[in-house]
Every structure is written in structure tokens, then in C-alpha cells.
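Counting from 1, the numbers follow the sequence of the chain as shown.
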Amino acid sequence: TQEYLALFYAALVRIGEPVIEELVTGLPMTHYLDEARRKRLAERLTGLHPVRGGQVVEVRRVTVLPQPMGAFLEQLGLCMDGRLDPKTSQRLTDKASCILSIDPGFYSTDYVLIRHNVLRDRSSGTSTIAVSAILDEVRKRIQRQFPFLRVSRERLESALQDRSQVVHFGSVEVPFASFLTQVSEDLGGQLCTELLESLRGESETVDIVLLAGGGRSLLEHSMRAAWPKAVWLEIKNPQRANARGFLARARAQAQAAVA
């Protein structure tokens, strides 16, 4: 899309380098499963790109991955650098481990299952239950309780970003946090049901769960209840976990290319 390309060009401008040896980017899982779509994206991002003011950036190699793979790759990188405790590192690198990486974003929640270091396509996918769906349901419930109010998703998104407990509409005080908590629990339960159904065909229990993405704080309670016996890896700054994992993968591929 034009939005995707605009973000790509903005990243090239910010990096400020004339040549990018390795570029790693992600797609929602349902889009990633479309091989033709992956190929078109890689071809579109490879080559010469006029960004601004006569500046041209060359991108030499492009790798397209499922979005939630970024958090997994970041954890692998931390393991290789010795920044995870030995027990966690052993579990993460054990080929027998069954690892679920979940990425709740604004418009979709993507998830991948990794077994024996292999992505399990049939047990991975995309759900529309994500931050935008939660805010839309909050808006509907507020308007049912306060039918005289007109509430926009943008107003609620701003309240979410500000971590507001209440939102004022004129003289009316709406308990935003209360609505948000209840809706997150309700839709989080539905999302977990979707994921558990997707994993039903697997013969092994999920050993490790990674939960990254901007919607982590809204859905974590429901997710932990769905996989109470799994090992949950702590992810710092989860909104950027996928980007950090993709960067680690790009650096590793660039080093391998010159080795």
C-alpha cells in the first residue's frame, strides 16, 4: 500500500545511508502465507529508491517474515549474546520446544507457532480482535450507557495513550478505564478461543509464549489465563520487539554474507 511505502521511505531517510545491504520487514500472517504477495513486496523494496532532495538509496537484499517472528528473533539474539538466564536459553533453543509468539497490534493480532525450529503455517494466523476492535466495542458500550453522547474512536485512542482513568465529555465523566478493562477481558477471551482452536491440531503443548505488540497490556491477562502452565518470557518495550528482532536478523544475514 501507499502507507506501507511511505513508512519504508521514511525509514530510509532516517537511516541516512546510501546503501542498505540487508532489509528485513514483516507482514501480517495471512498476507505472509500468500507467496505471490511476499514476492511482490520483496521485489518492490529491492533496488534504487529516490527518497527526497535528489537522494537515492539502494536496497540490495530484502527478507519478508511474519510479523510475530520479530519478537522470537529478538529473544534468540539475547540468548546468543548471553543476556538470558541459562535455563531460559536452554528452553528457547531446545528444538523440541513448542513456542507461540503473539503480536496484538492496532488492526490485527498475528500469531505464529514454532516447533522444532520450523514455522507451523497451519497453526499460525491473524485475528481481527486487536486494539481497534477493543476501542470500537468500548465506544459502543459507552454510547449504550450514555446515549446522549457522541464518542469517536480517536478520542478513546488518545485516552488509551494517556492512560486516562476517566474521559470528560462536557460535564459528563465517563469511567473509561472500567469500560476498557471489561471489554479487554471479553474480547481477550474470544481471541484466546480463536488461537486455541487454531492450535487444536497440534500434538504438543505450548512450552513458551512471547507476547509483544502495542496491545500487549490490554490482552496479557486473558492470554496468561489461556496458557497458565507455559513459560512466559518478559519482553521489554514490547511495541518495538518485532523491529528489534528484524534488525538482529538483518545484521546476522549481512555478517554471514561477508564471512
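Ile102 and Val112 fall into different hydrophobic clusters, where Ile, Leu, Val, Met, Phe, Trp and Tyr are joined by side-chain heavy atoms under 4.5 Å apart, directly or via other members. Cluster membership for Val138 and Tyr107, using ILVMFWY side-chain heavy atoms within less than 4.5 angstrom, is shared. A continuous path of Ile, Leu, Val, Met, Phe, Trp and Tyr side chains, each step under 4.5 Å between heavy atoms, connects Leu45 with Val57, placing both in one hydrophobic cluster.
Once rounded to the nearest 0.5 Å, the distance linking CZ of Arg240 with CD1 of Ile235 reads 15.0 Å. Remark: Leu73 CG to Phe246 CZ distance equals 7.0 Å, nearest 0.5 Å. With rounding to the nearest 0.5 angstrom, the CZ atom of Phe179 is 5.5 Å from the CD1 atom of Ile142. In this structure, the separation between CD on Glu173 and CZ on Phe146 is 9.0 Å, given to the nearest 0.5 Å. Between Glu22 atom CD and Gln255 atom CD the span is 10.5 Å, to the nearest 0.5 Å. Atom CG of Leu76 is separated from atom CG of Leu84 by 9.0 Å, given to the nearest 0.5 angstrom.
The pair Arg141-Glu137 meets the salt-bridge criterion, with a side-chain N (NZ, NE, NH1 or NH2) lying under 4.0 Å from an Asp/Glu carboxylate O. Ion pairing between Arg115 and Glu202 holds under the 4.0 Å rule for side-chain N and carboxylate O. With respect to Glu220 and Arg224, a salt bridge is recorded, a charged nitrogen being found less than 4.0 Å from a carboxylate O. Classification of Arg200 and Glu194 as a salt-bridged pair fails, no side-chain N sitting under 4.0 Å from a carboxylate O.
One N or O on the side chain of Arg244 and one on the backbone of Asn237 form a donor-acceptor pair closer than 3.5 Å. With hydrogens and angles disregarded, no donor-acceptor distance shorter than 3.5 Å links the side chain of Ser164 to the backbone of Leu160. When atom types are taken as modelled, the side chain of Ser158 and the backbone of Glu154 share no donor-acceptor pair closer than 3.5 angstrom. The closest donor-acceptor contact from the side chain of Thr46 to the backbone of Arg60 lies at 3.5 Å or more, if one exists at all. Looking at Ser132, its side chain does come within 3.5 Å of a backbone N or O of Phe106 through a donor-acceptor pair. In terms of modelled atom types and a separation under 3.5 Å, the side chain of Asp110 and the main chain of Thr126 share no donor-acceptor contact. Checking side-chain atoms of Arg120 against main-chain N and O of Ile114 turns up no donor-acceptor pair under 3.5 Å. Under a 3.5 Å cut-off, the side chain of Asn242 and the backbone N or O of Ala71 do form a donor-acceptor pair. Put simply, the side chain of Thr109 gets close to the backbone of Ile129: a donor and an acceptor are under 3.5 Å apart. Distance alone, capped at 3.5 Å, is enough to place a donor-acceptor pair between the Asp34 side chain and the Ala36 backbone.
The environment of His221 atom NE2 is sparse: at most 12 non-hydrogen atoms of other residues, nucleotides or ligands sit within 6.0 angstrom. Few gaps surround CZ on Arg38; more than 12 heavy atoms of other groups in view lie less than 6.0 Å from it.
Across all non-hydrogen atoms, the minimal contact from Ala133 to Leu187 is O-CD1, 3.8 Å. Residues Leu149 and Gln143 come closest through the heavy atom pair O-NE2, 3.6 Å. Across all their heavy atoms, Gln67 and Gly26 have their closest contact at OE1-C, 3.2 Å. In plain terms, the two heavy atoms of Phe72 and Ser101 that are nearest each other are N-OG, 4.3 Å. Between Ala96 and Asp207 the shortest heavy-atom distance is O-OD2, 4.0 Å. Counting all heavy atoms, side chain and backbone alike, Cys79 lies closest to Leu92 at CB-CD2, 4.3 Å.
The shortest side-chain heavy-atom distance between Pro175 and Gln165 does not fall under the 4.5 Å cut-off. Looking only at side-chain heavy atoms (C-beta outward), Val172 and Val174 come within less than 4.5 Å of each other. Under the 4.5 Å side-chain criterion, counting only non-hydrogen atoms from C-beta, Ser108 is not in contact with Thr30. Under the 4.5 Å side-chain criterion, counting only non-hydrogen atoms from C-beta, Val209 is not in contact with Val231. The shortest distance between side-chain heavy atoms of Leu41 and Leu27 falls below 4.5 Å. Residues Val13 and Phe8 fail the side-chain proximity criterion, which asks for heavy atoms closer than 4.5 Å. With contacts defined as side-chain heavy-atom distances shorter than 4.5 Å, the pair Glu204/His116 qualifies. By the 4.5 Å heavy-atom criterion applied to side chains, Tyr111 and Ser198 are counted as neighbours.
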* Leu191 and Ser222: side-chain contact (heavy atoms from CB on, under 4.5 Å), yes or no, with the steps? -> CA-CA 9 Å; Leu191 175 60; Ser222 297; over 6 Å; no

* So Thr25 and Tyr4, side-chain hydrogen bond (donor to acceptor under 3.5 Å, both in side chains) or not? Walk me through it. -> CA-CA 11 Å; Thr25 189; Tyr4 196 106; 2.6 Å; yes

* To do: Check the pair Leu211, Leu233 against side-chain contact (heavy atoms from CB on, under 4.5 Å), reporting the backbone distance first and the verdict last.
  => CA-CA 8 Å; Leu211 182 61; Leu233 298 191; over 6 Å; no

* **Derivation and outcome, side-chain contact (heavy atoms from CB on, under 4.5 Å), residues Leu195 and Thr193** => CA-CA 5 Å; Leu195 269 63; Thr193 298; over 6 Å; no

* Asked: Stepwise, does the side-chain contact (heavy atoms from CB on, under 4.5 Å) test hold for Leu199 with Leu100?
  -> CA-CA 10 Å; Leu199 301 177; Leu100 177 63; 4.2 Å; yes

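Asp85 and Thr88 form a side-chain donor-acceptor contact under 3.5 Å, judged by distance and modelled atom types alone. Of the N and O atoms on the side chains of Thr63 and Gln253, at least one donor lies less than 3.5 Å from an acceptor on the other residue. No side-chain donor-acceptor contact under 3.5 Å links Asp186 and Gln190.
By the 6.0 Å and 45° rule, Arg155 stacks over the aromatic ring of Phe169.
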